[in-house]
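Structure record follows, encoded as C-alpha cells.
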Amino acid sequence: GNHIDLYYNPLQLKSNSEHKDGSLLKKTQYYRTGEIKEVQVLKDLFNTFTQHNRNGEVIAVYKEKTDPDSYTTINEGTQILYNSEIGKEDLMEFKYVYKDSSLFELYEYSSEGTLKQLTEYNDYYPTKVTYFDKKGQKESELIYNESGSPQDGIEKSENINRVYSNGNLV
C-alpha cells in the first residue's frame, strides 16, 4: 500500500511511500513548491537516494547496503539532510560525502542555508575543519594530526574560539 505525509498551512504533499509486505519499496519526498526533492528506492538490501534541486536536476546520489540486522555496511556517494524546522524544510542542513564506505567530507549549513563549516576526513578521522562566516566567506580553519586531535588553527563554536599551535591549546 501507500502512505502519504502532508505539509500543513498550506496543505500539500510532503512524501509518498510505497510498501509491499510491510517493507518500504520506494519513497518520494517533495519540496514545498511541489517539485521532487528526493527519491529513495530499496531493492535487495540496497537503499539508493537520488536528490534533486527545484529545477529537477540531480544534485546528490547516495547508496547504502543494510545487512539483515539493519546495520549499514556500505555507503557511497553524497547524502543531503534537510532542515527539520517548520518553514525551513527545503534548506540543506548537512551534506555528507562518502568514498569507499568512509566519510570523506561533511558540510554543515546555517539555518539560513549558508555554508557554516566544512570538515574533511581520512578514515573517519578529521583532517581539517574550515569555518565560514554568515555570508559564506572563509573565516578560519583548524588542522588535525593523524590521530584526529587538533593540531594548528582556530576552532570556532557558538561563543568560544580555541587557538591551537603545534597540538597545544594556546
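Note that this is a predicted model, so its numbers are computed, not measured.
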Quick one: do K128 and E141 make a salt bridge, cutoff under 4.0 Å? yes
Taking E108 first and then K116, would you say they form a salt bridge - that is, a charged N and a carboxylate O separated by under 4.0 Å? yes
Please check if the side chain of N53 supplies one atom and the backbone of N55 the other of a donor-acceptor pair under 3.5 Å. yes
Can you tell me how far the CD atom of Q117 sits from the NZ atom of K156, to the nearest 0.5 Å? 11.0 Å
Do the rings of Y124 and Y98 sit parallel, tilted or perpendicular, given the 30° and 60° boundaries? tilted
L118 and I59: same hydrophobic cluster, using ILVMFWY side-chain contacts below 4.5 Å? yes
With a 4.0 Å cut-off, would you call D44 and K65 a salt bridge? no
Walk me through it: do N2 and N16 pass the test side chain to side chain contact (heavy atoms under 4.5 Å, CB included)? CA-CA 7 Å; N2 281 9; N16 181 21; 3.7 Å; yes
Tell me whether I86 at atom CD1 has more than 12 heavy atoms from other residues, nucleotides or ligands lying less than 6.0 Å away. no
Would you tell me whether N47 and Q40 have side-chain atoms, one donor and one acceptor, within less than 3.5 Å of each other? yes
Any link between Y164 and V170 through a network of hydrophobic side chains (Ile, Leu, Val, Met, Phe, Trp, Tyr) touching at under 4.5 Å? no
Count the heavy atoms of every other residue, nucleotide or ligand shown that sit under 6.0 Å from CG of N9, and state whether that count exceeds 12. no
Hey, does the Lys NZ or Arg CZ of K37 hover above the aromatic six-ring of Y82, less than 6.0 Å from the centre and inside 45° of the axis? yes
Between Y121 and F104, is the ring centre distance below 6.0 Å? no
Whether the side chain of N83 engages the backbone of E85 through a donor-acceptor N/O pair (distance < 3.5 Å, no angle test) should be reported. yes
I would like to know whether D5 and S15 meet side-chain hydrogen bond (donor to acceptor under 3.5 Å, both in side chains); could you show each step before the answer? CA-CA 5 Å; D5 287 313; S15 68; 3.1 Å; yes
Is it true that a side-chain atom of T28 and a backbone atom of V39 form a donor plus acceptor pair closer than 3.5 Å? no
Mark yes when over 12 heavy atoms from residues, nucleotides or ligands other than Y125 sit less than 6.0 Å from its OH; otherwise mark no. no
Kindly assign one of parallel, tilted or perpendicular to the pair F49 and Y62, based on the angle between their ring planes and the thresholds 30° and 60°. tilted
Before giving the answer on side chain to side chain contact (heavy atoms under 4.5 Å, CB included), spell out for S84 and E89 the whole-Å C-alpha distance, their side-chain angles and the decisive distance to 0.1 Å. CA-CA 5 Å; S84 59; E89 301 95 335; over 6 Å; no
State whether the number of non-hydrogen atoms from other residues, nucleotides or ligands found under 6.0 Å of K88 atom NZ is greater than 12. yes
